[in-house]
Amino acid sequence: MNRHRTALSVLLSAGALVAGVLTAATPSIAADAPTSFRPQQTQGFWTAERMRAATPLDVTAVPGAARTAVATSATPTAVAPTAAAPAASPTAFPQAGGAWTGGGAVVKTSGRVFFTMGSRTASCSGNSITSANGSTVMTAGHCVKYQGAWHTNWVFVPAYNNGSAPYGQWSATKTFATDQWAASEDMNMDVGLAVVAPLNGQTLSQAVGAQGVLFNGGYNKKMYSFGFPAAAPYDGTKLVYCSGNSGKDFLLTKDHSLGCNMTGGSSGGPWFQDFNEATGLGTQVSVNSFGYTFLPNRMYGPYLGNEAKAAYDKAQAS
């Protein structure tokens, strides 16, 4: 893992997909960069062995050299979940990081994301969310585009289980990011989405369900975060969760903050408020994004404001 020093001599690590370091090297990306992409897909590319071998990539983005202000006073916009789920046993709150054994809807709606970045194979996490097209996955912005390049061979594997895909591999027909992430990889806006093709005659939400989502929902909530961390001490084989009272980043972003020890590979995994441990249903309000090396066991996730809502609307209409 490469380590770099920022202009403030502050080291940042990516606590999600990010096993590397966030640096002060501003990406050279055009301001009018497209905010969506149709990724190339290679039939049969993601074998069980290739999925197991996919590794977290090292992120070298800066948390917004010219950061976008996040409006937090806008009217909340909520999208309800698609369906309920069978009851499950409750688990602990708070939780700094552990395997999710409660069952419920989150086991099926969340999954691993796999893609190629140049010659590399890499992994993230994602979640099926309710949408007009029934085929939308929410993840982190750097899980669809990084350093000016969109990822290819992008697939979502809900309920991933150590190389197996019990509900299939869902190939992206188009991936999206917030305008601010596409233009300058602003860490405040590290939100990505993917529209996936139907599989076996079903949309994604018909096959696995979909969680609700809330935009402009405010800060300081009880949160649950989920993902498939693949860097030590985790190995990407299990759905892991954290829970606790969230706060707000007081350093370089306007992100949510949550005590959590998830590692590389969990980027893009969902954050829920109003999460029901018995049903596994919640309202998604963020995604795993990054962490600071000098503040271990703490995860940060972007605030879903008007910018994220605009990206979501583009994706669900696609």
Side-chain angles (χ1 to χ4, degrees), residues 2 4-39 56-72 74 113 115 117-118 120 122 124 126 138-152 154 172 174-194 215-216 248-257 267-268 286-293 299-315:
N2 293 327
H4 306 276
R5 189 169 295 273
T6 68
L8 299 176
S9 298
V10 176
L11 289 178
L12 299 172
S13 73
L17 168 85
V18 194
V21 186
L22 304 180
T23 76
T26 304
S28 56
I29 304 171
D32 60 350
T35 58
S36 64
F37 176 69
R38 296 188 182 278
L57 68 91
D58 291 339
V59 171
T60 54
V62 61
R67 293 191 296 277
T68 302
V70 180
T72 61
V113 168
F115 54 87
M117 179 181 172
R120 304 178 61 179
C124 270
M138 182 173 281
T139 185
H142 65 264
C143 298
V144 296
K145 182 182 184 182
Y146 179 57
Q147 291 183 332
W150 293 87
H151 307 322
T152 59
W154 200 103
K174 202 168 186 180
T175 51
F176 297 80
T178 60
D179 293 349
Q180 295 76 15
W181 181 263
S184 62
E185 298 188 358
D186 181 344
M187 288 302 293
N188 280 298
M189 305 295 170
D190 188 17
V191 180
L193 301 111
F215 300 93
N216 294 304
K248 183 178 179 181
D249 185 13
F250 57 88
L251 294 171
L252 296 177
T253 71
K254 302 298 184 182
D255 281 16
H256 299 286
S257 168
S267 270
S286 188
V287 297
N288 295 322
S289 179
F290 78 98
Y292 297 103
T293 56
M299 181 79 74
Y300 294 84
Y303 184 87
L304 299 188
N306 295 338
E307 303 84 359
K309 176 64 162 56
Y312 165 79
D313 284 341
K314 290 178 185 177

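Because only heavy atoms are used, hydrogens play no part in the values below, and waters and symmetry mates are left out as well, while side chains stay in.
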- State whether the side chain of E185 and the backbone N or O of H142 hold a donor-acceptor pair below 3.5 Å, judged by distance alone. no
- Working to the nearest 0.5 Å, report the span between OH of Y303 and NZ of K248. 9.0 Å
- Rounded to the nearest 0.5 Å, how far apart are OG1 of T253 and CE of M187? 7.5 Å
- Task: Kindly indicate whether the side chain of M117, heavy atoms from C-beta on, has any atom under 4.5 Å from the side chain of Q147.
- Result: yes
- Check against side-chain contact (heavy atoms from CB on, under 4.5 Å), N306 and F215: CA-CA 7 Å; N306 295 338; F215 300 93; over 6 Å; no
- Query: Is there side-chain contact between L304 and N216, with at least one heavy-atom pair below 4.5 Å?
  - Reply: no
- Between A182 and A177, which heavy-atom pair has the shortest distance, and what is it? N-CB, 4.4 Å
- Got a sec, which residues hit side chain to side chain donor-acceptor pair (under 3.5 Å) with S257, two or more places apart in sequence or on another chain? R298
- Note on the structure: CH2 (W150) and CZ (F115) are apart, to the nearest 0.5 Å, by 12.5 Å
- So, the side chain of T178 versus the backbone of E307: is there a donor-acceptor pair under 3.5 Å, distance only? no
- Message: Holding to side-chain contact (heavy atoms from CB on, under 4.5 Å), I want the full list of residues that pass it with A172, two or more places apart in sequence or in another chain.
- Response: P39, Q41, W154, T175, A194
- Item | Nearest atoms (heavy-atom pairs only) where S267 meets C124 | O-CB, 3.4 Å
- Query: Looking at side-chain heavy atoms only, is the closest gap between D255 and F290 below 4.5 Å?
  - Reply: yes
- Roughly how far, to the nearest 0.5 Å, is the CE atom of M299 from the CG atom of N288? 4.0 Å
- Task: Determine, stepwise, if the pair D179 / K314 fulfils side-chain contact (heavy atoms from CB on, under 4.5 Å).
- Result: CA-CA 11 Å; D179 293 349; K314 290 178 185 177; 3.2 Å; yes
- May I ask you to decide if W181's main-chain N or O and D186's side chain share a donor-acceptor pair within less than 3.5 Å? no
- Return yes if a side-chain donor-acceptor contact under 3.5 Å exists between D249 and Y292, otherwise no. yes
- Query: Can you find a pair of side-chain heavy atoms, one from M189 and one from P302, that are under 4.5 Å apart?
  - Reply: no
- Is D190 salt-bridged to K145, cutoff N-O under 4.0 Å? no
